[in-house]
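The next block holds one structure in the form of structure tokens; read it before the comments.
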Amino acid sequence: MASPGFFTCMLLALFIGIWPCHAQNVTLSVYYETLCPYCSDFIVNHLVKLFHSRLFSIVNLRLVPWGNAVLQSDGSFLCQHGPDECLLNTIEACTISVYPNEEQHLSFIVCLERLASANKLNEWINCFNTTGLATVPIDCYKSGYGNVLENQYAAETAQLDPPHKFVPWVLVDGQPLQEDFKNFVTYVCNAYKGEQVPEACHPLPLMNNSLKKASLLSADTPYSITWLLIYGIHFSFSFSLL
């Protein structure tokens with residue numbers, strides 16, 4: 001008769017074999033410039049939805065602060081909304097680099113863009129204190145490394161295919177949303193193939209107890225199959241000992 005260890009190994013093999021792999025998050029890319037009113041509106045009033053209903057749990061956010069800026073022959077930047085925009089594009093690029101956590105750097109950028117929308121741009125440095133971040137990105141800017149980052153963003157923006165027509169230019173898994181960019185949540189939810197669907201993508205009422213019991217007995221999901229296998233193997237093992 002097979003040893004209990006055999007059944008344990010078989011159970012683990014079955015469990016591993018049917019356990020679903022976590023699907024990769026959806027990549028949400030936003031190409032923008034800091035003082036563009038349309039960009040500020042999108043970030044402050046729409047992109048902030050990532051903070052709600054666990055949307056961040058299924059998104060890889062890429063913010064690219066370059067937009068319609070131009071890299072001149074002498075290496076300097078010419079920004080659509082003037083030198084202040086070049087400065088703040090670079091500050092935001094440095095913040096993204098220094099604080100790669102997406103929720104951290106988005107919080108700072110939302111703060112800055114909200115001030116830009118309210119014509120309080122001279123208060124932007126207060127966003128470090130507001131978001132609890134140190135002012136290291138300013139050192140990044142002063143050191144010249146911010147220009148390196150902006151050159152990289154310039155090259156990336158120039159290589160967009162199809163090229164961006166306006167800003168903000170929003171992509172979901174590489175596909176531009178064109179004029180429908182404010183509806184990005186729908187596109188993110190449709191692109192997500194994982195099982196941990198956030199509330200924003202699946203706003204269904206909570207299951208009652210009877211439905212939970214029914215779902216446990218159902219073999220439609222890997223989890224319910226796992227429990228059925230466990231009970232089945234346990235029963236077979238117990239029966240073999242009789």
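Only heavy atoms go into these numbers, but all of them, side chains included; no hydrogens, no water, no symmetry mates. None of these values were measured; they are calculated from a predicted model. All residue numbers refer to positions in the sequence shown, counting from 1.
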What distance do [X] atom [atom1] and [Y] atom [atom2] have between them, rounded to the nearest 0.5 Å?
X	Y	atom1	atom2	result
N60	N25	CG	CG	4.5 Å
E33	E92	CD	CD	11.0 Å
L177	F184	CG	CZ	9.5 Å
H81	C86	NE2	SG	11.5 Å
T95	L106	OG1	CG	11.5 Å
N147	C140	CG	SG	9.0 Å

Between [Y] and [X], is there a side-chain heavy-atom distance shorter than 4.5 Å?
X	Y	value
T27	L171	no
F56	F51	yes
L47	L63	yes
N126	E123	yes
V64	T157	yes
E85	Q80	yes
W66	F77	yes
Y187	L28	no

List the steps and the verdict of salt bridge (Lys or Arg N to Asp or Glu O under 4.0 Å) for R62 and E156. CA-CA 12 Å; R62 295 199 67 256; E156 179 179 341; 2.6 Å; yes
Cluster question for you: counting only ILVMFWY and a side-chain heavy-atom cut-off of under 4.5 Å, with indirect links fine, are [X] and [Y] together?
X	Y	answer
I96	I125	yes
V44	L55	no
F108	V136	yes
L121	L87	yes

Residue pair [X] / [Y]: nearest heavy atoms and the distance that separates them:
X	Y	result
P65	A93	CG-N, 3.9 Å
C94	G146	SG-CA, 3.5 Å
V26	A191	CG2-C, 3.8 Å
F166	W169	O-CB, 3.4 Å
V110	V48	CG2-CG1, 3.7 Å

Crowding at OH, Y141 (>12 non-hydrogen neighbours, <6.0 Å): no
Side chains of H46 and N183: donor-acceptor distance under 3.5 Å anywhere? no
Scan side-chain atoms only and decide if E113 and Y32 contain a donor-acceptor pair under the 3.5 Å cut-off. no
Mark yes or no for whether [X], through its side chain, and [Y], through its backbone, hold a donor-acceptor pair below 3.5 Å.
X	Y	value
E102	L61	yes
N190	T186	yes
H105	N101	yes

Aromatic ring centroids of F181 and F42 under 6.0 Å? yes
In sequence, state the C-alpha distance, the side-chain angles, and the governing distance for L112 and I43, and then conclude on side-chain contact (heavy atoms from CB on, under 4.5 Å). CA-CA 10 Å; L112 192 153; I43 291 171; over 6 Å; no
Passing option when N89 is tested against T34, L149, D84 for side chain to side chain contact (heavy atoms under 4.5 Å, CB included): T34
Take L133 and S107, measure what side-chain contact (heavy atoms from CB on, under 4.5 Å) needs, and give me the verdict at the end. CA-CA 10 Å; L133 302 180; S107 294; over 6 Å; no
N68 vs H164, side-chain contact (heavy atoms from CB on, under 4.5 Å): CA-CA, chis, key distance, verdict: CA-CA 9 Å; N68 294 321; H164 77 284; 2.9 Å; yes
Give the C-alpha distance, both sets of side-chain angles, the deciding distance and a yes or no for side-chain contact (heavy atoms from CB on, under 4.5 Å) between V30 and V167. CA-CA 9 Å; V30 181; V167 288; over 6 Å; no
